[in-house]
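Following: one structure in structure tokens, then a few remarks.
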Amino acid sequence: MTSHSLNLDKLKPILEKYTPDGRAQLLPALWEAQAAYGYLAEPVVAAISKALRVPFAEVHGVIEFYTMFYNQPVGHTFVRVCVSPICTQLGGEQILDSVCGHFDVQPGETTPDGNYTIEAVECLGLCDHAPAALVGDIPLSLEVAEAPSSWVPSPQAVSLGKVSGEPRWLTARCGAIAPTDINAFQAHGGYAALKKALGQMQPADVIAEVEASQLSGRGGAAFPTGLKWKFTAGAANNPKYIVCNADESEPGTFKDRVLMEGDPFFILEGITLAGYAIGAEKGYIYVRGEYPRAQKTLQTAIDNARRDGFLGQNILGSGFSFEIELRSGAGAYICGEETALFESIEGKRGYPRLKPPFPTTNGLFDQPTVINNVETLCTAAWILANGAQAYKSVGTEKSPGTKLFCLSGDVANPGVYEAPFGILMSDLIDLAGGVVGDVQAVLVGGAAGSFAGPEQLDVPLSFEGLWDAGLSLGSGVVNVVNTERDLRIYLLSLAHFFAHESCGKCFPCQLGSRRQLEILQKVAAGNATKADLAALEDVGFAMTQASLCGLGQTAGTAILSALQKWPEIFSHQ
Amino acid sequence: MFIKSENFMTEENIQLTIDGIPISVPKGTTILDAAREAGIDIPVLCYFAHTTANGLCRLCVVDVEGSRVLQASCVAQVQEGAVVHTNSEKVQRSRRTILEMLASTVDLSESPELQEMVVEYDCHPERFENGKKRQPEIIDDNPVYIRDYSQCVLCWRCVQVCADDAQFTYAINFSGRGFDTQIATFFDKPLTETSCVFCGNCVGVCPTGALKSKREHLLEQGVAPDQIFELTRLQGKGKRSIGGPHLDRQYQNAMERE
Ligand SMILES: Cc1cc2nc3c(=O)[nH]c(=O)nc-3n(C[C@H](O)[C@H](O)[C@H](O)COP(=O)(O)O)c2cc1C
Ligand code: SF4
Ligand code: SF4
Ligand code: FES
Ligand code: FES
């Protein structure tokens, strides 16, 4: 189809819908236009630019930033095969080879009949189902030997996945109720917190309860949640916003997906509570583009909540009005970084901002904003329903309550395990059915975390316990790698992840993530020299010390921790 | 540049120490400006007085005691009682490594200031000699200037002056991301088919040889000055007359006559 013959009629309703809000609706407009036309052709993009009043070059820049936007023709259905560390560990590369071989294409290419585009992608948040893939909107768990001739044309969606542990505070309803049934949700204790807050608590009381619980953020930075709410509530400007960070793109992390697919109203309850506490009338939930199923579930839940008066004007007759808008990311790990996420909602390339100023005063649309992780908001709702005292009855003194851990790799039963803080890593691994084979290494915290060796399995999983062991909790990842695996290939995949996901804003990470990958390629090939390893340390140092945001500051952490622990696997063979 | 305005003087002052020198500056001053006040030079690359500071290159990083990581002095503001080291071992190691990675990626042959830094920090870019370079073709799509992004360090200045920092023209932005970021037009169209008004601001602020007037470029290519005049005298007659194939053909002819 040439540009001239493109009929722009299908675009009209899309533009009509999104024009009033201008640039802030750029990503939704691009998503819908892409769905209507298959890809974002030049005249389509030009029309969107004009309607939303965003300069042409900037819209093009936005499309170029996000991997799930295409400005060239692509296949009817995408086959996205994960090649991030956990899937690579369990055979992702072989699956990619077999599907490419089957269609006789290279990764990134479209089959001659135009039916499929095959892509090698970074973590799909399906690490409990690794090796994983996404065919169209359908999440798959594959076997290395499975024939593409069967799983590509008739993909079988995976289940919610394994959810277990004790006590089940946050995950009580996951798998137990129909996720979008609002009556079942309420019958199982749902909306008790919101009713209590709106009925008998002032916003300041809600914040005080959260503060008393010592809840700290589950998105990675562990910032005290009560304090964050208090700062934002006290900020001078209005309107204020609450943003739920559901971008979950860090290899090894999938707990938020399980909450979204298993208990979406719980998240809405948490967002609404936070909105009430800080005086916001609008909340956003930003879900990564690779979670189409979670998005669908959440959107249904939002619609049902609105229908039954839990969202909208004058909620439960309290006088409090609140709306939640679901936003889809479009393929960029960096958009999980809070300020990059704001930029993305504002219709821009997902570049992190300089801090200060902080979101509590200058967040989304430059307004005071609370941004919290999915699990954080659910935990806050649990605390409001059950009280800070009850929350602190398990866990450690400094890390009270329960935590969702993402167990993956060489364990018998990968999945989400809820357990009190302070549980020993070995006990947690036992909950997941134990190690398959012998432990070589455990990646703790996520791609931005560090490796523990087999001698460290008894580390208590609490903020302070991990800190003392030189580790960090991150997003709750515990990825077990057994002695059969080639750790160098795993590290190469990790380096590839950061090189692919660096936004490129600051030089140390833009350049260093690439140089790190190149040296890891040599390591994997067994021909890295001493000089290469010295360079690797310098690159890691510069990224850690001089990068602008958390991505670059942690892009070398896991690899340097491996180099320190196991220098022998890096050297010239 | 640090300006002592009336307004500033009435504001609260901050006391800090930079490389052992005690100094007092108004609240809100960047560490970079405070250091300059104290006569201490911190290297900068992306920082530029006339564009919004974004903290991109991180060559200006300094060591602030008690900080988890180094701070970009061009954007970090002074804090009361801070003890700052502008040239510690950590700072030098970071600067050296960033410069080595940059020099092994981008053609710095026409960027003398950067070359000097490479020498000053004892850099060995050859450590990364087999690393990927950014080597796109020269873009010669208009009569006014050429774009050689193999020399581009991604300081963003050109994008900024084309947009909100000066011209409000928005002809250029980015393509790709990460290492593969490049300055680009809408669907990579020739500048003559964009909103570009050929104000030349971008060429003026580019710190490297990436953006260069056509005249300079032609001279380098060995085109005789009188032939260049034939081309450049037609410039400035408004966008339509300078755009498009007419001049390009003349340029072709000039090249062919060579
Ligand atoms: C590169 C990068 C990616 C991130 N991704 C996520 C994410 O996917 N989800 C999340 O909740 N936080 C993520 N964060 C942390 C957020 O910036 C922010 O700290 C968090 O959303 C705050 O929520 P919390 O206080 O509830 O933890 C990321 C940070 C960085 C630097
Ligand atoms: S550290 Fe990496 S991801 Fe963060 S701003 Fe710099 S280039 Fe972008
Ligand atoms: S072209 Fe020049 S001004 Fe523009 S980003 Fe590159 S180096 Fe900077
Ligand atoms: S889904 Fe493959 S690593 Fe997470
Ligand atoms: S000069 Fe400060 S980051 Fe570039």
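Residue numbers begin at 1 in each chain, while the letters A, B, ... track the order of the sequences. From a predicted model like this one, the values you see are computed outputs, not experimental measurements.
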Under 4.5 Å from any heavy atom of chain A, what part of S104(B) do you find: side chain, backbone, both or neither? both
Counting distance only, does the side-chain N/O of H60(A) pair as donor-acceptor with the main-chain N or O of T185(B) below 3.5 Å? yes
I need the minimum non-hydrogen distance between F187(B) and A41(A), along with the two atoms involved. CZ-C, 4.1 Å
I'd like to know whether CD of E113(B) has more than 12 heavy-atom contacts from other residues, nucleotides or ligands below 6.0 angstrom. no
If you take all heavy atoms of A171(B) and A57(A), which pair is closest and at what distance? O-CB, 3.5 Å
Part of L40(A) lying under 4.5 Å from any heavy atom of chain B: backbone
Turns out that what part of A72(B) lies under 4.5 Å from chain A's heavy atoms comes down to neither
Y351(A) vs F174(B) aromatic rings, parallel, tilted or perpendicular, using cut-offs 30° and 60°? perpendicular
Shorter than 4.5 Å, heavy atoms on both sides: which option in T169(B), I98(B), V61(B) has the most such pairs with chain A? I98(B)
Straight-line distance of L70(B) CG to Q553(A) CD, nearest 0.5 Å: 10.0 Å
Ion pair present between E100(B) and R515(A), side-chain N to carboxylate O less than 4.0 angstrom? no
Using non-hydrogen atoms and a 4.5 Å limit, figure out which bit of T67(A) sits close to chain B: side chain, backbone, both or neither. both
Just do the side-chain contact (heavy atoms from CB on, under 4.5 Å) check on T181(B) and R349(A) with the steps written out, would you? CA-CA 12 Å; T181(B) 308; R349(A) 288 167 67 87; 4.1 Å; yes
Looking at M543(A), H500(A), K522(A), R353(A), which has the largest count of heavy-atom pairs under 4.5 Å with chain B? H500(A)
Please say whether more than 12 non-hydrogen atoms of neighbouring residues, nucleotides or ligands are located less than 6.0 Å from CD in Q79(B). no
Could you state the interatomic distance from NZ (K505(A)) to SG (C57(B)), rounded to the nearest 0.5 Å? 12.5 Å
Please report the C-alpha distance between F541(A) and T97(B) in whole Å, then the side-chain angles of each, then the deciding distance to 0.1 Å, and finally whether the side-chain contact (heavy atoms from CB on, under 4.5 Å) criterion is met. CA-CA 9 Å; F541(A) 181 84; T97(B) 309; 6.0 Å; no
Heavy-atom count check: over 12 atoms from other residues, nucleotides or ligands less than 6.0 Å from E137(B) CD? no
Chain A contact via S175(B) - which portion, at a heavy-atom distance below 4.5 Å: both
Any side-chain to backbone donor/acceptor pair from R514(A) onto F179(B)? Under 3.5 Å, distance only. no
Is any side-chain heavy atom of E58(A) closer than 4.5 Å to a side-chain heavy atom of F186(B)? no
Going by atom types alone, do S502(A) and R177(B) pair a side-chain donor with an acceptor below 3.5 Å? no
Per-residue contact mode, R95(B) against chain A (heavy atom under 4.5 angstrom): neither
Measuring only between side-chain heavy atoms, which start at C-beta, is R93(B) closer than 4.5 Å to E537(A)? yes
I need the Y170(B) OH to F56(A) CZ distance, nearest 0.5 Å. 14.5 Å
Region of A499(A) that comes under 4.5 Å of a non-hydrogen atom in chain B: neither
Kindly compute the distance separating CG (L154(B)) from CG (L511(A)), expressed to the nearest 0.5 Å. 8.5 Å
Report which part of A53(B) has an atom under 4.5 Å of a heavy atom belonging to chain A: side chain, backbone, both, or neither. backbone
Heavy-atom check, side chain of E518(A) versus side chain of N130(B), under 4.5 Å: no
Run the side-chain contact (heavy atoms from CB on, under 4.5 Å) test on L548(A) and R58(B) for me, step by step, so that the C-alpha distance in whole Å, both residues' side-chain angles and the decisive distance to 0.1 Å come before the verdict. CA-CA 8 Å; L548(A) 188 153; R58(B) 319 302 280 186; 3.8 Å; yes
Heaviest contributor of heavy-atom pairs below 4.5 Å to chain B, chosen from G512(A), G504(A), P508(A), G350(A), is P508(A)
Greatest number of heavy atom pairs closer than 4.5 Å to chain B - which of A46(A), A546(A), A531(A): A546(A)
Is any NZ, NE, NH1 or NH2 atom of the basic residue among D538(A) and R127(B) found under 4.0 Å from an Asp or Glu carboxylate oxygen of the other? yes
Turns out that what part of L102(B) lies under 4.5 Å from chain A's heavy atoms comes down to both
Let me know if L59(B) has heavy atoms under 4.5 Å from chain A in its side chain, its backbone, both or neither. neither
Side chain, backbone, both or neither of L517(A) within contact of chain B (heavy atoms, under 4.5 Å): neither
Provide the closest heavy-atom pair for Q545(A) versus S94(B) in the form atom of the first, atom of the second, distance. CB-OG, 4.0 Å
Working note: V539(A) + M101(B), criterion side-chain contact (heavy atoms from CB on, under 4.5 Å); need CA distance, chi angles, decisive distance, verdict. CA-CA 9 Å; V539(A) 169; M101(B) 298 194 293; 4.0 Å; yes
Quick check: are there more than 12 heavy atoms from other residues, nucleotides or ligands sitting under 6.0 Å from CD of E110(B)? yes
What distance separates C155(B) SG from F507(A) CZ, expressed to the nearest 0.5 Å? 6.5 Å
Tell me, for D188(B) versus chain A, whether the close heavy atoms (under 4.5 Å) come from the side chain, the backbone, both or neither. both
If you look at every heavy atom in G178(B) and Q510(A), which pair is closest and at what distance? O-CG, 3.6 Å
